[in-house]
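Counting convention: from 1, in listed order, for ligands and their atoms alike. All of these numbers come straight from a predicted model, not from anything done at the bench. What you see below is based on every heavy atom in this structure, not just the backbone, and it leaves out hydrogens, waters and symmetry mates.
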Amino acid sequence: MNAEPSNVAATHGPVRIVGAGLLGASIGLGLSAQGVPVTLSDASPTAQALARDVGAGAIARTEDAVPTLVVVAVPPDVAAQVVAGELRAYPGAVVTDVASVKSVILAELVAMDSLDLSRYVGSHPMAGRERSGAGAASADLFVGRPWVITTRAGLHPQALLAVRSLAVDLGAGPVQMTPAEHDDAVALVSHLPQLMASLTAGRLVEAPEAALGLAGQGLRDVTRIAASDPRLWSAILTGNAAAVGTHLRGVRDDLDGLLEALDRAAVDGPLALGAIAGMAGVISAGNDGAARIPGKHGGLRKRYSEVTVLVPDEPGELGRLFTEIGEIGVNIEDFQMEHATRQRVGMAIVSVIPASATTLEVALEERGWRVVAP
Ligand SMILES: NC(=O)c1ccc[n+]([C@@H]2O[C@H](COP(=O)([O-])OP(=O)(O)OC[C@H]3O[C@@H](n4cnc5c(N)ncnc54)[C@H](O)[C@@H]3O)[C@@H](O)[C@H]2O)c1
Ligand SMILES: O=C(O)C(=O)C[C@]1(C(=O)O)C=C[C@@H](O)C=C1
């Protein structure tokens, strides 16, 4: 049963969404759930119909009420053209786009004639998935995530406010920065990780089956986003080429140092002069960098204990595990599932606060679950 829409949004509709894929449909779902009227437009009639069918809004028609806010959620290489069209079509509306790069789109818009750019606010929710299209959309996609809102001279304060309200209504935290600051930041925290995941996964293309059969959670963690859409990501990466190049050159320097140490170990043995320090330096820097990644709600990442439980690969077993953890009175902070190759069993890795780990292990064992030793 659908919950009644709770009409508490600060965003005044109608909101028109152009590009009804993962981002557009997620925004539509989040706004529709709060009773904001949403219309959807997409170059693909199929994408448009799918977004409507998942509940993201109504398909746009020429006789629709004029929107107060237009959200452009198309790939970055066409975003400026679409934003310009919307600014011209709706002279009273605020127009935002959610593309993953910001400077290149603004530069394209500035180069166009007779556009009222005081109503355009480039933005970027730092939330997404490795899958495209409305079928993967979720109203909760933005909850607890930063939503970058780019600022610059000449912006109408009401336009800024409208896009801030959109972010807040969808549960995100607005963060203001210039387009250049945004592009530098995402080159490091989003675009470089995508490339590293893709480069690592690309090494698997010709890997022997026997090696792939040994793959554990480490490989899965590092390669989740390697499933991302090549067309979308090519546009993102080339749209932020200079900043991405800077970080990749940094990685290249690190790789050169690493290879030098490895080559020494390969020739003179594992304890060759400088070899151990070379490895430890890279791994320690990784520890320090990872420790700086903020937790999902903005605070410092908490260190949880992991309790690993074998779960039979049968309907309802995972649900039973969750129910019993609830009965034991322990809160699940995070959860991952690891699948054992060629076995009818999976490993549920349940993250809990350290003080609860032993209690949970003992209680689950008592209830007949097989807990894997930490
Ligand atoms: N995928 C993510 O994780 C993520 C996260 C944050 C921001 N973004 C940005 O959001 C935007 C949309 O990404 P997505 O993941 O939703 O992609 P998507 O492929 O799921 O959806 C894009 C939609 O835009 C439509 N489209 C393409 N050109 C169009 C045009 N000229 N006019 C109208 N519709 C057009 C496509 O048919 C498609 O339905 C991109 O700019 C992307 O950089 C993506
Ligand atoms: O979680 C993911 O799938 C993402 O990679 C989302 C992610 C990110 O790098 O954080 C990817 C690109 C977008 O521009 C914003 C968010």
Side-chain angles (χ1 to χ4, degrees), residues 16-30 39-54 56-57 59-60 70-86 89 95-105 108 122-138 140-150 167 170 172 175 182-183 185-198 220-240 243-244 247 293-294 296:
R16 171 175 157 85
I17 297 176
V18 186
L22 173 72
L23 266 284
S26 296
I27 293 168
L29 278 169
T39 62
L40 305 161
S41 169
D42 197 290
S44 155
T46 308
Q48 210 174 242
L50 179 60
R52 175 204 57 199
D53 290 353
V54 300
I59 291 178
V70 179
V71 181
V72 173
V74 300
D77 53 343
V78 291
Q81 281 300 337
V82 175
V83 166
E86 298 298 314
V95 179
T96 186
D97 77 297
V98 296
S100 308
V101 290
K102 297 277 60 106
S103 303
V104 75
I105 293 171
E108 276 183 64
S123 76
H124 181 200
M126 291 308 300
R129 296 190 62 179
E130 69 281 14
R131 292 173 55 200
S132 300
S138 154
D140 296 332
L141 189 67
F142 312 103
V143 174
R145 306 297 311 152
W147 189 312
V148 178
I149 296 173
T150 60
L170 294 171
V175 178
H182 164 273
D183 287 0
V186 293
L188 179 62
V189 303
S190 177
H191 303 171
L192 182 67
Q194 176 62 54
L195 281 173
M196 300 311 282
S198 300
R220 291 183 173 86
D221 285 352
V222 167
T223 56
R224 175 182 65 85
I225 53 176
S228 296
D229 178 4
R231 220 162 51 164
L232 172 64
W233 272 95
S234 305
I236 294 173
L237 295 165
T238 54
N240 200 13
V244 175
H247 292 295
I293 302 172
K296 45 185 177 180

Should you measure from each heavy atom of Ser190, which atoms of ligand 2 turn up under 4.0 Å away? 8 (C), 9 (O), 11 (C), 12 (C)
Pick, from Arg129, Glu130, Arg224, the option with the minimum heavy-atom distance to atom 1 (O) of ligand 2. Arg224
Any N or O on Trp233 sitting closer than 3.5 Å to an N or O of ligand 2? no
Partner set under side chain to side chain contact (heavy atoms under 4.5 Å, CB included) for Ala60, not counting sequence neighbours: Arg16, Thr39, Ser41, Asp64
Backbone, side chain, both or neither: what part of Gln194 comes under 4.0 angstrom of ligand 2, heavy atoms only? neither
State the atoms of ligand 2, each with its element, that fall below the 4.0 Å cut-off from a heavy-atom position in His124. 13 (C), 14 (O), 15 (C)
Could you find the nearest protein heavy atom to atom 5 (O) of ligand 2 and give me its residue, atom name and distance? Ile225 CG2, 3.7 Å
Tell me whether Ser44 contacts the main-chain N or O of Ala47 through its side chain, where contact means a donor paired with an acceptor under 3.5 Å. yes
Give a yes or no on this: more than 12 heavy atoms of other residues, nucleotides or ligands lie within 6.0 Å of atom CD of Gln194. yes
Looking only at protein heavy atoms, which one is nearest to atom 10 (O) of ligand 2, and what is the separation? Met126 CE, 4.2 Å
For Leu29 versus Val54, what's the shortest heavy-atom pair and its separation? CD2-O, 3.2 Å
Drop me the distance from Asp183's CG to His191's NE2, to the nearest 0.5 angstrom. 7.5 Å
Sequence neighbours left out, what passes side chain to side chain contact (heavy atoms under 4.5 Å, CB included) with Ala187? Give chain and number order. Asn240, Ala243, Val244, His247
Please tabulate protein-ligand N/O pairs under 3.5 Å for ligand 1, atom names and distances to 0.1 Å.
| residue | atom | partner | partner atom | Å |
| --- | --- | --- | --- | --- |
| ligand 1 | 3 (O) | Arg129 | N | 3.1 |
| ligand 1 | 3 (O) | Arg129 | O | 3.4 |
| ligand 1 | 8 (N) | Ser100 | OG | 3.4 |
| ligand 1 | 16 (O) | Leu22 | N | 3.2 |
| ligand 1 | 16 (O) | Leu23 | N | 2.8 |
| ligand 1 | 20 (O) | Leu22 | N | 2.9 |
| ligand 1 | 20 (O) | Gly133 | N | 2.7 |
| ligand 1 | 34 (N) | Ala43 | N | 3.1 |
| ligand 1 | 37 (O) | Asp42 | OD1 | 2.6 |
| ligand 1 | 39 (O) | Asp42 | OD1 | 3.4 |
| ligand 1 | 39 (O) | Asp42 | OD2 | 2.7 |
| ligand 1 | 41 (O) | Val74 | O | 2.6 |
| ligand 1 | 43 (O) | Ser100 | N | 3.1 |
| ligand 1 | 43 (O) | Ser100 | OG | 2.6 |

Within the 4.5 Å heavy-atom criterion, are Ile236 and Pro75 side-chain neighbours or not? no
In ligand 2, the atoms that come under 4.0 Å of a heavy atom of Ser100 are 13 (C), 14 (O)
Below 4.0 Å, non-hydrogen atoms only: which portion of Ala127 touches ligand 2? Side chain, backbone, both or neither. backbone
Output yes when a side-chain donor or acceptor of Arg129 lies under 3.5 Å from a complementary backbone atom of Ala136, and no otherwise. yes
Does the plane of the ring in Trp147 sit parallel, tilted or perpendicular to the ring in Phe142? Use 30° and 60° as the thresholds. tilted
Would you mind writing out the side-chain donor-acceptor pairs for residues 95-102 within the sub-3.5 Å range, not counting sequence neighbours?
| residue | atom | partner | partner atom | Å |
| --- | --- | --- | --- | --- |
| Thr96 | OG1 | Val121 | O | 2.6 |
| Thr96 | OG1 | Ser123 | OG | 3.0 |
| Asp97 | OD1 | Tyr120 | OH | 2.6 |
| Asp97 | OD2 | Ala99 | N | 3.2 |
| Asp97 | OD2 | Lys102 | NZ | 3.0 |
| Lys102 | NZ | Ala99 | O | 2.7 |
| Lys102 | NZ | Ser123 | O | 2.6 |

